[in-house]
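Encoded as structure tokens, the structure appears first; notes follow it.
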Amino acid sequence: MKILRLTPSDNLENAINGLTGPAEIYLSNGVYRQKTEIKANNVTVIGEDRFKTIITYDDYANKIHADGKEYNTFRTYTLCITGENVKLYNLTVENSNTNPAEVGQCVALSVNSKNFYAENVRLKSTQDTLFMSPFPDDLVLRYRGFIPHNQLYMEGSGVHLFKNCEISGTVDFIFGCAEAYFYKCDIISLADERNIGFIAAPAHSLKQERGFNFVNCNLSADGANKATVYLARPWRDFGKCDFISCNTGGHINPQLFDKWNDTERDKTARFSYHGLDCAFTPSPVGWSKALIKDEADKIINICKAKFSAE
């Protein structure tokens with residue numbers, strides 16, 4: 001096992017990508033103002049303190065790139081993971097932009113690999129905080145030659161795990177197509193001048209059996225107004241999302257889910273819930289599904305098995 005210790009004066013991308021795993025990289029406290037892609041496989045990055053070890057940058061969708069085009073959502077990341085079996089512990093990944101209504105989307109973490117694990121990690125941004133590949137098929141075609149191939153294209157689906165993490169944002173701040181499990185995470189909805197928010201924006205294909213799974217999470221507000229935030233809306237047809245045994249604050253709209261503007265994705269979205277501890281009387285949209293206990297327990301058991309294997 002290779003061991004590497006880094007400080008904010010070190011270049012993370014150069015140091016980590018020069019390794020062949022397995023390796024452990026320890027980051028001392030401080031602000032790492034670096035836009036970073038981790039390409040190395042089988043590496044574990046461990047911060048000294050999740051509040052004091054901060055990787056941050058400030059790219060945004062409307063910004064003009066060196067190629068003369070706008071950054072677009074998917075080039076705004078602070079940290080991008082393209083290596084397989086990368087694990088993050090005890091640190092913060094932040095996109096420091098705070099007004100997406102003016103600057104557009106601003107990704108903190110982009111996971112563009114099949115297998116990824118995060119524990120005790122803070123992800124901070126506003127709109128589109130966390131992206132999890134694969135891309136929807138139509139975007140693979142649209143962005144060919146615009147986004148690097150190793151970030152854009154991934155054969156098959158991925159499994160991404162988040163345990164005891166804190167994820168904050170405003171609109172669609174957890175989005176993508178991965179099979180993902182959020183276990184005992186704090187999901188925080190921030191203030192947005194548009195006065196509307198959406199936690200998840202899944203875009204899974206119909207062939208994917210599992211989508212985004214939120215289990216025993218705490219859904220709270222830090223500025224979002226009462227009843228202005230929806231649990232999820234489908235970014236593409238067939239997007240899948242399950243919320244199980246989560247505490248939901250009064251910022252959540254009683255309808256729970258939204259169909260995405262003037263689309264008819266309510267006819268294909270696969271959204272469900274079970275055992276929500278609500279600070280309001282829920283009145284879920286008719287096209288969502290209330291899971292029975294056996295169905296919810298199956299997802300819980302799959303979730304726990306995924307984390308036990310780590």
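Keep in mind that the numbers below use all heavy atoms, side chains included, and drop hydrogens, waters and symmetry copies.
Seen from the ring of Y57, R33 counts as a face-on cation partner, given the 6.0 Å and 45° thresholds.
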Determine whether L27 and L12 satisfy the following criterion, side chain to side chain contact (heavy atoms under 4.5 Å, CB included), listing intermediate values before the conclusion. CA-CA 9 Å; L27 305 184; L12 297 180; 3.7 Å; yes
Hey, mind stepping through V43 and I38 against side chain to side chain contact (heavy atoms under 4.5 Å, CB included) and telling me if it holds? CA-CA 9 Å; V43 298; I38 296 179; 4.0 Å; yes
Set out, in order, the CA-CA distance, both residues' side-chain angles and the distance that settles ring-ring contact (aromatic ring centres under 6.0 Å, His included) for H204 and F238, then state yes or no. CA-CA 6 Å; H204 303 92; F238 309 113; over 10 Å; no
Walk me through whether V45 and K87 qualify under side chain to side chain contact (heavy atoms under 4.5 Å, CB included). CA-CA 6 Å; V45 181; K87 298 181 180 181; over 6 Å; no
One pair to check against side chain to side chain contact (heavy atoms under 4.5 Å, CB included): H274 and E295. What are the steps and the verdict? CA-CA 9 Å; H274 176 84; E295 292 172 322; over 6 Å; no
Give the C-alpha distance, both sets of side-chain angles, the deciding distance and a yes or no for salt bridge (Lys or Arg N to Asp or Glu O under 4.0 Å) between E310 and K163. CA-CA 11 Å; E310 292 297 324; K163 182 178 181 181; over 6 Å; no
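Within the 3.5 Å criterion, the main-chain N or O of E48 finds a donor-acceptor partner in the side chain of T53. In terms of modelled atom types and a separation under 3.5 Å, the side chain of K2 and the main chain of T20 share a donor-acceptor contact. Between the side chain of N29 and the backbone N or O of D49, at least one donor-acceptor pair lies under 3.5 Å. T76 places a side-chain N or O within donor-acceptor distance of the main-chain N or O of V107, the cut-off being under 3.5 Å. With hydrogens and angles disregarded, a donor-acceptor distance shorter than 3.5 Å links the side chain of H251 to the backbone of S220. Between the side chain of N301 and the main chain of K298, no donor-acceptor pair closer than 3.5 Å is present. Of the possible polar contacts, one joining the N11 side chain to the E13 backbone as a donor-acceptor pair under 3.5 Å is found. Judged by distance alone, with hydrogens and angles left aside, the side-chain atoms of R270 form no donor-acceptor pair with the main-chain N or O of K289 at under 3.5 Å. Distance alone, capped at 3.5 Å, places no donor-acceptor pair between the T126 side chain and the G169 backbone. No donor-acceptor pair under 3.5 Å is formed between the side chain of Q151 and the backbone N or O of P148.
At a cut-off of 3.5 Å, with distance as the only test, a side-chain donor of E37 or T82 sits close to an acceptor on the other residue. A donor-acceptor contact closer than 3.5 angstrom links the side chains of N85 and N42. With no hydrogens or angles considered, no side-chain donor-acceptor pair links S125 and N95 at under 3.5 Å.
Residues L91 and Y77 are members of separate hydrophobic clusters, defined by side-chain heavy-atom contacts under 4.5 angstrom among Ile, Leu, Val, Met, Phe, Trp and Tyr. The hydrophobic clustering, which links ILVMFWY residues whose side-chain heavy atoms are closer than 4.5 Å, places L109 and I55 together. Clustering ILVMFWY residues whenever any of their side-chain heavy atoms sit less than 4.5 angstrom apart, transitively, puts F175 in a cluster other than the one holding I167. Under a hydrophobic clustering in which Ile, Leu, Val, Met, Phe, Trp and Tyr are joined whenever their side-chain heavy atoms come within less than 4.5 Å, directly or via other members, L88 and F131 fall into different clusters. One hydrophobic cluster holds both V229 and L231 under the rule that ILVMFWY side chains link at heavy-atom gaps under 4.5 Å.
Distance check: D222 CG to I188 CD1 gives 6.5 Å after rounding to the nearest 0.5 Å. Here OG of S283 is found 9.0 Å from CG of N253. Values are rounded to the nearest 0.5 Å. Taking CZ from R210 and CD1 from I299, the interatomic distance works out to 5.0 Å, rounded to the nearest 0.5 Å. Here H160 contributes atom NE2 and E179 contributes atom CD; the two are 10.0 Å apart, rounded to the nearest 0.5 Å. Going from atom OG1 of T44 over to atom CG of L4 covers 12.5 Å, rounded to the nearest 0.5 Å. The SG atom of C246 sits 8.5 Å away from atom CG of N218, with the distance rounded to the nearest 0.5 Å.
A 4.5 Å side-chain heavy-atom check between F146 and K69 finds at least one atom pair inside the cut-off. When side chains are defined from C-beta on, D172 does not count as touching W235, because their heavy atoms never get closer than 4.5 Å. Annotation: side chain of F271 is not in contact with side chain of P284 (no heavy-atom distance under 4.5 Å). In this structure the side chain of R236 reaches within 4.5 angstrom of the side chain of D138, judged on heavy atoms. Looking at heavy atoms from C-beta onward, K306 lies out of side-chain contact with N213 at the 4.5 angstrom threshold. Between F280 and T248, some side-chain heavy-atom pair lies under the 4.5 Å cut-off. Under the 4.5 Å side-chain criterion, counting only non-hydrogen atoms from C-beta, L219 is not in contact with S189. When side chains are defined from C-beta on, S205 does not count as touching P136, because their heavy atoms never get closer than 4.5 Å.
The minimum heavy-atom distance linking C165 with A118 is given by the pair SG-O, 3.6 Å. Contact between A232 and C241 at its shortest, heavy atoms only, is CB-SG, 4.1 Å. When all heavy atoms are compared, the tightest approach of N261 to R233 is OD1-NH1, 3.8 Å.
Classified by interplanar angle (parallel below 30°, tilted 30° to 60°, perpendicular above 60°), the ring pair F135/Y143 is perpendicular. Taking the six-membered ring where tryptophan is involved, the planes of F214 and F182 are essentially parallel, since the angle between them stays under 30° and well short of 60°. Note: Y273 and F257 have tilted aromatic rings, judged against thresholds of 30 and 60 degrees for the angle between ring planes. By the 30° and 60° cut-offs, the orientation of the rings of Y153 relative to H149 is parallel. Using cut-offs of 30° and 60° for the angle between ring planes, the Y89 and Y117 rings count as tilted.
Summarising the local packing, CD of E193 is surrounded by more than 12 heavy atoms from other residues, nucleotides or ligands at distances under 6.0 Å. Applying the 6.0 Å contact sphere to CG of D137 captures no more than 12 heavy atoms from other residues, nucleotides or ligands.
Among Y181, F212, F116, Y183, the one residue that satisfies the ring-ring contact (aromatic ring centres under 6.0 Å, His included) test with F162 is F116. Between F243 and the choices L256, I187, L276, the side-chain contact (heavy atoms from CB on, under 4.5 Å) rule is met once, by L276. Residue L152 forms a side-chain contact (heavy atoms from CB on, under 4.5 Å) with just one option from L139, L141, I147, and that option is I147.
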